[in-house]
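This report concerns only the one structure given below.
Letters A, B, ... mirror the listed sequences (proteins, then strands); counts begin at 1. All of these numbers come straight from a predicted model, not from anything done at the bench. In what follows, every heavy atom counts, from backbone to side chain, and hydrogens, waters and symmetry copies are set aside.
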Amino acid sequence: MGFEPIIVLAPLFAAVVAGLGQRFIGDKPAMALTTGVLGLSLALSLYTFVDYIWLGGEARLIELFKFIDVGGFSSTWSIRIDTMSVIMLVVVTSVSFLVHLYSWGYMAEDPHRARFFAYLSFFTFAMLALVTANDFLQMFFGWEGVGVASYLLIGFWYDKRSANDAAIKAFVVNRVGDFGFALGIMACFFLYGSIRFDEVFAAAAANPTLVLDLQLFQVPAIEAVCLLLFIGAMGKSAQFFLHVWLPDAMEGPTPVSALIHAATMVTAGVFMVCRCSPLYEMAPYAAAFVTIVGAVTALFAATVGLAQNDIKRVVAYSTCSQLGYMFFAAGVGAYGAAMFHLFTHAFFKALLFLGAGSVIHGLHHEQDLRYMGGVRKPMMLTWVMMLIGTLALTGVGIPGTQIGFAGFFSKDAIIESAFAASETGRTFAEFAFWCGITAAFLTSFYSWRLMFMAFEGKFRPNPDAHHHDGHAHDDHAHHGDHHHAKPADGVAPAHESPAVMTVPLVALAAGAVLAGVMFAPMFLHGQADQFWRGAIERAHDPLNPSGGGHGGESAHAEAGHGDTHAPVADPHAAPAEAHGAGAEDHGGGGHHVPAWVMWAPFFVTLAGFLLALPLYFFSQTAGATIARVFAPLNAFLSRKWYFDELYDFVFIKGARALGDFFWKTGDKKVIDGLGPDGFASVSKFTARQMRKTQTGFVYHYSFFMLIAVAAIGAYAIWAGGGLP
Amino acid sequence: MSGVPILSLMTFLPAAGALLILAARWSSSGQHAGHDTGVKWIAFIVTLATLALNLVALTQFDASQPGFQLVERVAWGAGLEYHMGVDQMAMALLLLTNFLMPLCILASWNIEKQVSAYMMLFLALHTLMQGVFGAMDIVLFYVFFEAGLIPMFILIGVWGGKNRVYAAFKFFLYTLIGSVLMLVALIFMAIMAKTTSIPELTAFAQQGGFAKDLQIWLWLAFFASFAVKMPMWPVHTWLPDAHVEAPTAGSVILAGVLLKMGGYGFLRFSLPMFPDASAFFTPLVFVMSVVAIIYASLVAFRQTDIKKLIAYSSVAHMGFVTMGIFAGTEQGVQGAIFQMLSHGIISGALFLIVGVIYDRMHTREIAAYGGLVHRMPVYAAIFLLFTMGNVGLPGTSGFVGEILTMAGTFPVNAWVTAGAATGVILSAVYALTLYRKVAFGKLENPALATITDINAREWVMFVPLVIGTLVLGFAPMIALDFTKASTQAILAGYDVFAGR
């Protein structure tokens with residue numbers, strides 16, 4: 001056994017020590033311990049990544065101990081090291097470490113900061129257990145573990161009713177997804193006799209026509225399993241219908257939003273679908289469903305993002321939308337692109353959240369974009385960082401070259417994949433493509449709207465500064481002692497955040513700039529076969545299909561590809577060679593998309609920027625005017641298509657009414673009425689008797705019982721003494 | 001040691017303790033100061049000693065060997081005999097009982113009314129509960145099974161809350177009807193098989209001794225008794241009332257042990273002795289289980305009394321047990337036994353948690369609380385852990401039972417499994433809402449301003465339960481490996497669905 005268990009278990013150890021021992025060791029040591037341990041975890045993860053990707057490390061499985069084994073329903077605590085897990089190890093530990101660091105500044109004055117750090121570390125443990133799982137049950141363990149960590153962190157400020165409600169909402173909506181996930185696991189076990197990934201994939205591939213008999217009707221086994229699992233993914237990754245918890249989750253402290261609700265936990269659903277890519281490739285209907293849900297979410301969330309005024313909610317809907325991109329990429333078979341976007345998104349979205357947190361911190365907990373403005377000058381560094389994040393999110397880059405921010409490589413790859421897949425007849429791929437293009441336009445618009453409203457123009461003080469209602473606010477312990485130089489006219493009375501907060505921003509910004517250009521050849525292009533080593537199913541990758549084997553166990557598809565394909569006009573391809581891939585292992589480039597498809601994201605992104613300019617940059621009021629003119633539309637969007645109202649009416653009121661009905665009518669009137677209370681007179685009589693003699697009843701009862709026992713014996717003897 | 005009747009020793013040690021308390025009361029007239037404390041200590045030490053004896057018994061017990069062990073058999077004449085022995089399932093439930101009893105005595109430390117009588121009743125109950133799980137003879141089983149109700153009945157009726165008479169009456173009425181029918185069935189079976197020994201009856205039944213039509217009637221008679229005990233919907237309405245009125249320790253025993261007798265009965269009698277009837281009635285049990293899970297969860301969501309809420313959640317969790325048992329698969333039955341152990345720990349802990357604040361505030365109204373985390377951080381942390389256990393979070397024992405019973409039922413009926421799985425969502429709704437209302441928020445009720453966190457006695461009470469739920473949550477194989485042999489033995493006789 002190597003050092004791998006340390007990566008996963010050390011954060012748990014730190015969480016336990018910090019959580020339980022905080023009263024004995026104090027806040028600072030607890031924080032230092034958790035942060036230090038995360039640093040160790042990060043270092044080991046980076047080592048594992050480098051070793052596995054570049055130094056020829058083996059794919060391997062470290063089995064720790066048997067968790068459950070009942071009649072073949074078997075799960076072993078394991079650490080699975082392959083491409084999928086090493087990517088996630090790096091994403092999770094790096095963002096987590098930076099968020100730990102950032103929280104030293106952000107939570108500096110919170111009286112419960114040790115508890116906060118303990119939760120963060122516990123979350124990291126659960127997330128690492130999820131991504132290193134070798135079977136569905138351990139994955140589910142981590143899945144629920146991150147859910148409870150999310151619950152605790154959203155509700156971290158437990159005095160706030162809104163935070164508590166948001167925490168419960170997040171947990172319950174996730175549980176709706178887990179309902180599907182759990183049934184998917186059981187279906188796997190029933191159909192394939194195992195819940196270990198490799199065994200399930202092999203069994204499914206060996207018997208692709210297996211049918212699940214549901215008595216009323218029959219469904220193809222693989223479709224059923226994939227759909228059920230995907231319900232779990234929809235919950236965790238906040239996809240359409242189950243997205244309602246994510247915006248409310250912004251009640252939690254901002255570092256939490258960056259770590260859990262942007263970079264890691266919410267991407268678990270994408271991870272799961274990609275991990276199960278051999279199954280989804282055999283389930284065309286389920287894959288089509290994934291495509292539709294992803295595409296709709298990408299578009300829907302982007303529209304809602306247009307009309308939000310809370311800076312964190314804009315970023316939250318943006319996350320929701322970007323997760324939609326990842327899903328429809330997976331749905332059309334571009335698992336590599338989905339994972340690549342997950343990877344780049346982790347950096348730039350964490351950057352945007354932490355940047356937003358820095359603004360909020362600088363403005364003393366103001367989160368409403370309408371009461372910002374003029375923040376650029378006092379918070380120059382934060383502005384630069386947010387700018388980089390925005391450029392990465394909107395995917396700025398020059399098509400046909402290797403020049404661009406991280407999102408340029410990953411998002412464009414997704415859009416092109418959708419187009420390429422539509423040409424090969426993949427169901428709903430064209431729909432996804434157009435949703436993706438439209439959402440890219442909206443993304444650009446709302447991102448620049450956020451940037452302009454927050455940083456540019458004149459400061460617009462909140463007239464109601466200490467009575468924020470109806471909004472999520474980070475009201476962590478107030479700083480009373482900041483010295484504000486009298487700000488120049490129109491400049492916000494803000495202060496730049498301390499280095500402990502800005503250094504993580506810079507580190508993430510480096511990721512947002514470099515993650516795309518550095519890793520595109522590996523995730524997507526020339527080196528993809530060697531990079532993935534069969535960890536995802538790439539046989540039908542729309543852009544760059546693996547020429548190798550088929551099916552999950554086919555693994556190391558290294559040979560025999562490319563020759564029959566036309567050489568590349570893939571925009572990212574040529575420089576990929578410069579990155580040392582070499583023409584011969586440059587998988588032949590796969591599908592060739594037309595120039596307009598390549599350029600479409602570029603132009604819509606530009607259009608979004610150009611539209612935001614006059615509304616929010618050159619004018620301070622135009623945006624608000626537009627919102628007034630289109631008031632119904634604005635309300636529809638800012639109320640998030642009235643999903644909360646609908647769900648409140650159907651589910652919450654419904655559950656209450658049903659609960660009351662069962663209780664008052666079912667239990668009290670029907671059951672008790674026909675049962676015990678039905679003998680009303682008897683009961684009243686009895687009650688009177690009992691009040692008189694307190695326990696008189698008991699004597700009758702025990703007497704009865706003794707007679708009964710005696711009767712058995714008597715009867716037995718009378719019956720012939722046949723007993724031994 | 002093999003000559004020592006260890007099973008009888010541990011079963012009757014608490015009864016001896018009760019007699020000791022009686023003797024002490026007579027000799028001192030119970031007047032001098034400190035008498036009550038002495039009685040509490042006697043009870044505590046006796047229950048601890050019982051637990052110790054149980055652990056000794058465990059060392060003489062071979063977990064891998066199917067069938068009954070530590071058997072003691074003495075003929076009493078007239079066809080009656082004293083016949084004790086345990087298999088793995090019974091041993092596990094005995095351990096649960098003996099693990100919970102010392103904690104119950106600790107939880108009763110604040111009792112002031114008639115302490116001697118209270119403790120004597122508890123110790124008598126302790127003996128009777130052990131007898132249920134240790135009996136290998138149906139007459140003996142019946143005596144223990146029914147007699148156990150009497151001390152519980154008195155505990156509710158005398159030490160209960162305002163509505164205790166109504167609750168005791170309801171408790172009595174339900175269980176009476178069930179037991180009459182079971183008694184008739186027992187007599188009938190004894191005559192037919194010419195034996196009252198459980199293993200001999202089982203062998204008789206498995207050689208086709210009871211025709212299918214007959215099995216149906218016998219099954220129904222037993223079902224009447226066990227379904228009430230579980231309790232299954234729709235014969236569950238006695239439970240919330242009994243819990244609400246019972247003193248804290250009474251609720252712990254009720255939820256932790258007495259409810260398990262129903263599940264134990266199904267596994268000991270219904271499945272092995274009436275396999276055809278069990279198969280025939282499986283759809284009925286499935287429907288009742290799923291209804292129980294959904295119905296009770298929704299009702300729990302609407303409760304304003306903490307104890308009632310937890311009582312309804314017990315009904316929902318027992319639904320998983322009945323579902324798993326009648327699925328008749330290894331995962332189902334193993335999961336059901338595990339769920340019983342887990343629920344014993346978790347619901348027992350939850351009732352103790354209610355008891356802690358009830359002792360301080362003398363109310364169980366949810367609305368009276370809020371913001372306890374400010375004054376009682378340790379309490380809030382423990383409460384949170386058991387809330388999560390109740391919700392079935394992985395890492396707590398609650399998860400394992402639910403997932404296994406569902407995994408065991410899916411192959412038999414996917415729709416039933418899906419129905420039960422909604423309980424996973426609903427439990428989160430009511431349990432987290434309760435936690436939010438009691439522990440989170442601002443401390444607004446002025447009466448709570450001076451409430452104190454848990455004391456040393458309460459620490460001692462909770463620590464074993466916390467360890468129990470986490471150990472079983474992270475390493476459930478400790479229990480599952482142990483109960484495996486008895487599960488396989490039960491299922492070997494229940495091969496009606498051999499094709500599964």
Side-chain angles (χ1 to χ4, degrees), chain A residues 66-71 73 140-141 144-145 148 155 158-159 161 164 168 171-172 175-176 178-179 182-183 186-187 189-190 214-215 655-656 658-660 662-663 666-667 671-672 675-676 683 686-687 690-691 694-695 697-698 701-702 705 708-709 711-713 715-717 719 721-724, chain B residues 78-80 139 142-143 146-147 150 153-154 157-158 165-166 169-170 172-174 183 186-187 190-191 194-196 234 237 295 298-299 301-302 329-331 334 373 388 393-395 400 403-404 406-407 410-411 414-415 417-418 421-422 424-425 428-429 432-433 436 440-442 476-477 480:
Chain A
K66 204 165 253 326
F67 177 43
I68 287 182
D69 182 8
V70 177
F73 188 80
F140 191 71
F141 193 107
E144 293 261 297
V148 76
Y158 46 59
D159 280 355
R161 175 67 193 268
N164 293 326
I168 293 177
F171 196 90
V172 170
R175 274 271 163 138
V176 175
D178 296 350
F179 161 85
L183 288 175
M186 283 149 208
F189 172 64
F190 173 49
L214 289 173
Q215 280 123 13
R656 281 196 194 131
L658 210 53
D660 279 342
F662 285 155
W663 179 26
D667 266 21
I671 297 176
D672 282 355
S683 124
T686 313
M690 286 183 64
R691 251 178 242 118
Q694 195 70 275
T695 55
F697 224 95
V698 175
Y701 180 51
S702 32
M705 207 201 68
V709 171
I712 298 185
Y715 196 86
I717 296 164
L723 301 182
Chain B
L80 297 176
V139 177
Y142 185 76
V143 171
E146 295 301 324
I150 297 170
F153 185 72
I154 303 175
V158 176
V165 173
Y166 176 72
F169 162 70
K170 225 172 173 180
F172 170 80
L173 192 70
Y174 270 114
L183 179 64
L186 282 175
I187 295 171
I191 294 165
K194 301 196 189 316
T195 176
T196 55
T237 61
Y295 182 107
L298 284 169
V299 175
F301 178 47
R302 298 304 291 154
T329 54
E330 188 173 344
Q331 297 84 21
Q334 281 278 62
V373 65
M388 288 301 167
L393 191 82
V400 181
I403 200 88
L404 280 177
M406 288 194 285
F410 193 95
W415 295 107
T417 316
T422 57
V424 169
I425 305 170
V429 177
L432 296 183
T433 308
R436 169 178 71 69
F440 283 159
K442 295 197 172 74
M477 290 316 289
L480 292 169

Quiz item: Among all residues two or more places apart in sequence or in another chain, which pass the side-chain contact (heavy atoms from CB on, under 4.5 Å) test with B/Phe410?
Solution: A/Leu183, A/Met186, A/Ala187, A/Phe190, A/Leu212, B/Ala414, B/Thr417

Quiz item: What part of A/Phe73 is in contact with chain B, defined as an atom under 4.5 angstrom from a non-hydrogen atom: side chain, backbone, both or neither?
Solution: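 Contact with chain B involves both backbone and side-chain atoms of A/Phe73.
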
Quiz prompt | Side-chain heavy-atom pair A/Phe171, B/Leu393 within 4.5 angstrom cut-off | solution = yes

Quiz prompt | Heavy-atom side-chain proximity of B/Lys442 to A/Arg161 below 4.5 angstrom | solution = no

Quiz item: Based on non-hydrogen pairs under 4.5 Å, which of B/Thr422, B/Leu480, B/Ile425 is most in contact with chain A?
Solution: B/Ile425

Quiz item: Among B/Pro476, B/Pro394, B/Ala428, which residue forms the greatest number of heavy-atom pairs with chain A at distances under 4.5 Å?
Solution: B/Pro394

Self-check item: With A/Asn164 via side chain to side chain donor-acceptor pair (under 3.5 Å) - residues at least two apart
Solution: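 Expected list: none.
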
Quiz item: What part of B/Gln331 is in contact with chain A, defined as an atom under 4.5 angstrom from a non-hydrogen atom: side chain, backbone, both or neither?
Solution: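 Both parts, backbone and side chain.
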
Practice problem: Could you tell me which portion of B/Phe301 (side chain, backbone, both or neither) has an atom closer than 4.5 angstrom to a non-hydrogen atom of chain A? | Solution: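 Contact with chain A is through the side chain of B/Phe301 alone.
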
Quiz item: Taking all atoms of both residues into account, what is the closest heavy-atom pair of A/Val148 and B/Met388, and its distance?
Solution: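 Minimum heavy-atom separation between A/Val148 and B/Met388: CG2-CE, 3.4 Å.
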
